*Asks:* 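Starting off with a structure, shown below.
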Amino acid sequence: MLTVLIVVHLIIVLALVGVVLLQRSEGGGLGMGGGGVSGFMTGRGQANVLTRTTAILAAAFFATSLLLSVLAGYQGAPSSVIDRVAPGAGQNGPAAPTSGPGVLEQLQRLQGGPAQDAGQAPAQQPPAPPAGPQVPTSQ
């Protein structure tokens, strides 16, 4: 529906540009002069037809513009970049203390180094490595 409305809107825009360029201006412009003395497209008849066509196309342009903006508003629920961030990743302020060992202690245990806190008993099993891709370490 939205694609069809955009195509119709673009056709109206091109037609409106063409009709405006065909109108006779005071400086001549691209307006085509009246050929014969009488007929449908004489100077006065041409001005009336082009003026009416311009008004109709302008009204259609505004209508399709409003419809496109209304449909774009209904396309999705309003969202924020903040809503897409993982919970807890963007919190400000000090981090809450954890009951387990810190990240440094966990990394030192994985590499076989001594733990920072001497009063803490070493863990029986090192924590399981993450399932995702890991960064290679130099030896």
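Because only heavy atoms are used, hydrogens play no part in the values below, and waters and symmetry mates are left out as well, while side chains stay in. Everything numeric here is computed off the predicted structure, so don't read it as measured data.
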*Asks:* What's the separation between atom OG1 in T137 and atom CD in Q111, rounded to the nearest 0.5 Å?
*Replies:* 6.5 Å
*Asks:* Ignoring hydrogens, what is the shortest heavy-atom contact between L16 and T54? Give both atom names and the distance.
*Replies:* CD1-O, 3.8 Å
*Asks:* When rounded to the nearest 0.5 angstrom, what is the spacing between CZ in F61 and CD1 in I12?
*Replies:*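 Those atoms lie 9.0 Å apart.
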*Asks:* Roughly how far, to the nearest 0.5 Å, is the CD1 atom of I56 from the OG1 atom of T51?
*Replies:*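 If we round to the nearest 0.5 Å, T51:OG1 and I56:CD1 are 11.0 Å apart.
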*Asks:* To the closest 0.5 Å, what do you measure between CD1 (I11) and NE2 (H9)?
*Replies:*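 Here the interatomic distance stands at 11.5 Å.
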*Asks:* Roughly how far, to the nearest 0.5 Å, is the CG atom of L5 from the CG atom of L10?
*Replies:*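 One finds 10.0 Å between CG of L10 and CG of L5.
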*Asks:* Return the CD to OG1 distance between Q23 and T53, rounded to the nearest 0.5 Å.
*Replies:*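 The CD atom of Q23 sits 8.5 Å away from the OG1 atom of T53.
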*Asks:* May I ask whether V19 and L14 are part of the same hydrophobic cluster, defined by side-chain heavy atoms of I, L, V, M, F, W, Y residues being less than 4.5 angstrom apart, directly or through others?
*Replies:*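 Per the 4.5 Å side-chain linkage, V19 and L14 are not co-clustered.
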